[in-house]
Structures are given as C-alpha cells and as structure tokens.
Amino acid sequence: MKVTREYSEKLMGLACKLLGVLSEAMGLETEALTKACVDMDQKVVVNFYPKCPQPDLTLGLKRHTDPGTITLLLQDQVGGLQATRDGGNTWITVQPVDGAFVVNLGDHGHYLSNGRFKNADHQAVVNSDCSRLSIATFQNPAPEAIVYPLAVREGEKPILEQPMTFAEMYRKKMSKDLELARLKKLAKEQQLQDVDKAKLESKPIEQIFA
Ligand SMILES: O=C(O)CCC(=O)C(=O)O
Ligand SMILES: [Fe+2]
C-alpha cells in the first residue's frame, strides 16, 4: 500500500514535469497542458501476461491508443510492447531499457496539440518462454476538462469540430470501439457462413441429403 502510494506520487510529479516539457515543445506556456487537465487524474494498472504456447495466435493487449494525456509505462526485461510507425503500416518493438519509462502520448494530448503530436498506436504481444509484467500509469484530465486544440497554427484546421469534455470524448471512444468489435464479429460470422456455403456448394447433392 505504502509502496503504491509512493510510486503514484512520484509518477504524478514526473508526469507534471513531462507535461511542462511537452507544452514547451508544442510552443505553449509551460503550464498549458497541466492547466488544460484542470485536475490531473491518475490510474495505475498492472498488466500480467502469462506465457503462451502459441503466441502467434493471440495478443496480450489488442491494438489501441490510450485515451488520456500521457501514459508512463514501466516494462520488465521480457519485452512485448509494439508501436506502429509509417502511419500505422509497420510495427516496431519497443525494447525494454532497464529503469526507463516509455512515455506514450494519449488521445487527449493528441487533440490538444491539434494532431501535431501523435497518439501512440500500440499493442502488447505475448511469448512462449516467459510471462511478462508491465505497469501502466495513465495521467488523465478531469472528466469535465475541455478537449480542444490549445493552439491552431496558420493554415491548419482544428482537428475537432467542436469542444467536448473528456468524459464525452471517452464515451465516444468506447462506443466506437464497441461498434468496431461488433462489425468485426459480424464479418467473421459472415466469413464462416461463406466458408460453410462454399463447402456445401462443392459437395455433390446426394452427399448433402445423405
Ligand atoms: O504492457 C504493455 O506493454 C502495454 C500496456 C498498455 O498499453 C496499456 O495498459 O494500455
Ligand atoms: Fe496502452
């Protein structure tokens, strides 16, 4: 309990420093991102990925972007975190570095920068030899914080049509994910039906009614 409290306090401090650096990198005042979060919320999640005899058939965590401002990820030496590059075309493995955090930009950070800073598109794979552990610390804005680009440069268009609260942004993301999962399931079922149909069609009629 004490360790968790100390860890989360230390990471809150680190996140605030990083948000300052990130604000400056975005050409904004140092406090810009922390102010945009209104009240910084934090979730510490421990991910455990048991070893898997057939790692090619599954994923530890499916492809996603984190919804919040930034995520600080501590991974052990096993490795399994992958992120895309080339606009989502190639997967690269984020090699573990002992004692280092991976810092991912989330959707909130992406929107505040008007899309100039990309939200990390990532997934976690499993492996057949070792189990793996990672600790993700999500730094999120307050639910009522307004999500909208903090600056829109000349010649750019705002990435969002209108401002919304983080709670609304989160809800939209979740319902989009659910809809995608539903469509995927439907497509799979359709594919299976098509395979069954093709099998049936390739059989002689007397076998079908045998
Ligand atoms: O375990 C990892 O490397 C990734 C974890 C992650 O992406 C998450 O918890 O959102
Ligand atoms: Fe993630």
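Hydrogens, waters and symmetry mates are skipped; everything else that's a heavy atom, side chains included, is used. In each ligand, atom 1 is the first atom listed, and ligand 1 is the first ligand listed.
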Does ligand 1 have an atom that lies less than 4.0 angstrom from a heavy atom of [X]?
X	result
Q75	no
Q123	no
D66	yes

Do the side-chain N and O atoms of T30 and E24 include a donor-acceptor pair separated by under 3.5 angstrom? yes
Whether the N104 and T71 side chains hold a donor-acceptor pair (N or O, under 3.5 Å, no angle test) is what I'd like checked. no
Is there a continuous path of hydrophobic side-chain contacts, each under 4.5 Å between heavy atoms, that joins L33 to M169? no
Starting from L28, can I reach V21 by hopping between I/L/V/M/F/W/Y residues whose side chains sit under 4.5 Å apart? no
With the Fe ion (ligand 2) as the point of reference, which N/O/S atom of D66 is the closest? OD1
For ligand 1, is any non-hydrogen atom under 4.0 Å from L73's backbone (N, CA, C, O), its side chain (CB onward), both, or neither? side chain
Show me which atoms of ligand 1 lie under 4.0 Å from any heavy atom of [X].
X	result
F138	8 (C), 9 (O), 10 (O)
Y49	1 (O), 2 (C), 4 (C), 5 (C)
S134	1 (O), 2 (C)
A136	9 (O)

Among protein heavy atoms, which lies nearest [atom], and at what distance?
atom	value
atom 3 (O) of ligand 1	R132 NH2, 2.8 Å
atom 9 (O) of ligand 1	N47 ND2, 3.1 Å
atom 8 (C) of ligand 1	L61 CD2, 3.5 Å

Tell me if a side-chain donor or acceptor on [X] pairs with a main-chain N or O of [Y] at a distance below 3.5 Å.
X	Y	answer
H122	T84	no
N127	D129	yes
S8	R5	yes
Q75	V94	yes

Relative to each other, are the rings of F101 and Y7 parallel, tilted or perpendicular (30° and 60° limits)? tilted
What do you get for the angle at the Fe ion (ligand 2) between NE2 on H64 and NE2 on H122, to the nearest 10 degrees? 90°
